[in-house]
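Quick caveat: nothing in here was measured; it's all calculated off a predicted structure.
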Amino acid sequence: MFAAFSALSLRGRGAARFAAATLVSGLVAASVAVGAGTAAADGATPSQGGATATIGGLKTYGAAVVHTDTGDQQLSAGLFEMSVDGGGALQTYCVDIHNPTQRDARYRETPWSATSLGANKDAGKIRWILQNSYPQVNDLAALAGRAGVDGVLTQQDAAAGTQVAIWRYSDGVDVEAVDPQAERLADYLEENARNTAEPRASLTLDPPAVSGHPGERLGPVTVRTDADSVTVTPPADAATSGVRILDRDGRAVTSAVDGSQLFFDVPEKAADGQAELTVQASTTVPVGRALAADSRSQTQILAGSSESTVSATASATWAKSGAIPALSAVENCDKGGVDITASNKGTEAFTFELLGIEHTIAAGESRTVTVPLQEDQAYDFTIQGPGGFQKRFAGVLDCMTRAGEADVSGSTTQTLSEPTPVTVGSPPDDTNLAATGGSDMTPLIAGLAIGLVVIGGTVLVVLRKREARTQG
């Protein structure tokens, strides 16, 4: 659905009205012109930095049964594996039992506040379960002893029991592990879970966007990381633009540590422009970090990490005069939308219109604007400014578990390779990518549904015009 509509380009007040209309039919798309900028916008899913990865499948799992008013459904429960961009691997459990996992979906490290965990008072208990069970505890004999498990606890039992305990807190469902050992572990974890704090991101830059005038040091941008050190990559055109990355003492830097302050040093004679710096590190991602998909694919929570590549990017904008905007965005599930933070270090006000509402950021001011969205809503905002400035934010708002949505009564849980839920007692199929959601056809069905809505609206307009001509 998102790929089919992401190329829409809209301008002016009519564009805002059209974007508001498309909010109902499946995608928010808006291009906000504040100048004569013509530069092409790169896609930018709101991200605060960290790991990005591609889901590879459900690797270690057993069977579980969900009890509902309409009957029992069996599904697979256990650990997923993801391959990290730049190197590394992650192990995850899911925290949205009724939502499908899309094949080869792309995921990004995400704060709890941008997922269903943000409003879940038991999110801290889920992290406790992760810290005190498999794979963090890989001595399965010791884990079985603590849980009071009779007999041998296999990896499959441990993964299934852990996932079942997580679902009880993440989705509030009545779910049991089929294997008695796995069920005993799930009960132990559920009964003993205690609230623990959300882990901080593996790597972020704060703030992710700055602005100012040529001849100034733009910043500071502060590094936040658990890694021992990060490498600092200057802007791609640094050799020609003369823009350097300095520390707070004015020295050029190629590496930094947690708490380091970085600055864009822009030559006084530089033409109005923009630049980015990137920091990268190899580290383990903290257990309990959420991973959200760029598409409508079930949210995951981190259970284990190898040494993995993590990165973060910050941008800078400069101009000699006029408005000089800096923009960043983050999904905010508490407010039900996307927070766009706009600052203006220029000499004139920066004004833009989004979804029919005009926003003015005075010179020297910084403000956060929340763009309200519906659950599961795809969005695509482009904000333009003077001198070719352009910033795009695109993604899908996913703040609720399907069990928490109003329209999921009677929904079914299916595997990607099966048209109906697996019957109780049959072994899980090891070819399944995910046994916790709908089918491969989900994106196609969604796209067809949106297409039918558009076609239906067009037909209605044509019929009304014919009716008007007949009456005339």
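In this structure, the side chain of Q136 does not engage the main chain of Q131 through any donor-acceptor pair within 3.5 Å. Judged purely by atom type and a 3.5 angstrom limit, Q298 uses its side chain to pair as donor or acceptor with the backbone of N99. Of the possible donor and acceptor atoms, one in the side chain of D171 sits under 3.5 Å from a partner among the backbone N and O of I97. A donor-acceptor pair under 3.5 Å is absent between the side-chain atoms of Q390 and the main chain of T382, judged by distance alone. Judged purely by atom type and a 3.5 angstrom limit, N120 has no side-chain atom pairing as donor or acceptor with the backbone of S116. Not one N or O on the side chain of R392 forms a donor-acceptor pair closer than 3.5 Å with the backbone of D380. Between the side chain of R367 and the main chain of A342, no donor-acceptor pair closer than 3.5 Å is present. At least one donor-acceptor pair under 3.5 Å links the side chain of E198 to the backbone N or O of W112.
In this structure, L130 and G288 approach most closely via the heavy-atom pair CD1-CA, 3.9 Å. Among all heavy-atom pairs drawn from N195 and K125, the shortest one is OD1-N, 3.3 Å. The minimum heavy-atom distance linking F80 with I55 is given by the pair CD2-CD1, 3.6 Å.
Between the side chains of T231 and Q280, not a single donor N or O lies within less than 3.5 Å of an accepting N or O. For the 3.5 Å distance criterion, the side chains of E331 and Y379 qualify, holding a donor opposite an acceptor. Checked by atom type, the side-chain pair T299/D96 shows no donor-acceptor distance below 3.5 Å. Under the 3.5 Å distance criterion, with hydrogens and angles disregarded, no donor-acceptor pair is assigned to the side chains of Y188 and S133. Between the side chains of S297 and S295, no donor-acceptor pair of N or O atoms lies under 3.5 Å. Side-chain contact annotation: E276 with T313, donor-acceptor N/O pair under 3.5 Å absent.
Looking at L205 and L277, their side chains come closer than 4.5 Å, going by heavy atoms from C-beta outward. Side-chain atoms of L262 and V279, non-hydrogen and from C-beta on, do get closer than 4.5 Å to each other.
Atoms CG and CG, on D339 and N332 in that order, are 4.0 Å from each other to the nearest 0.5 Å. A distance of 9.5 Å separates CG in D226 from CG in L203, rounded to the nearest 0.5 Å.
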> Yes or no on salt bridge (charged side-chain N to carboxylate O under 4.0 Å, His left out) for R168 and D122, after CA distance, side-chain angles and deciding distance?
Replying inline: CA-CA 10 Å; R168 291 173 183 174; D122 292 322; over 6 Å; no
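Using cut-offs of 30° and 60° on the angle between ring planes, the pair F352 and F350 is tilted.
Each of T225, V223, T222, V230 was evaluated against D258; a single residue qualifies, T225, per the side chain to side chain contact (heavy atoms under 4.5 Å, CB included) test.
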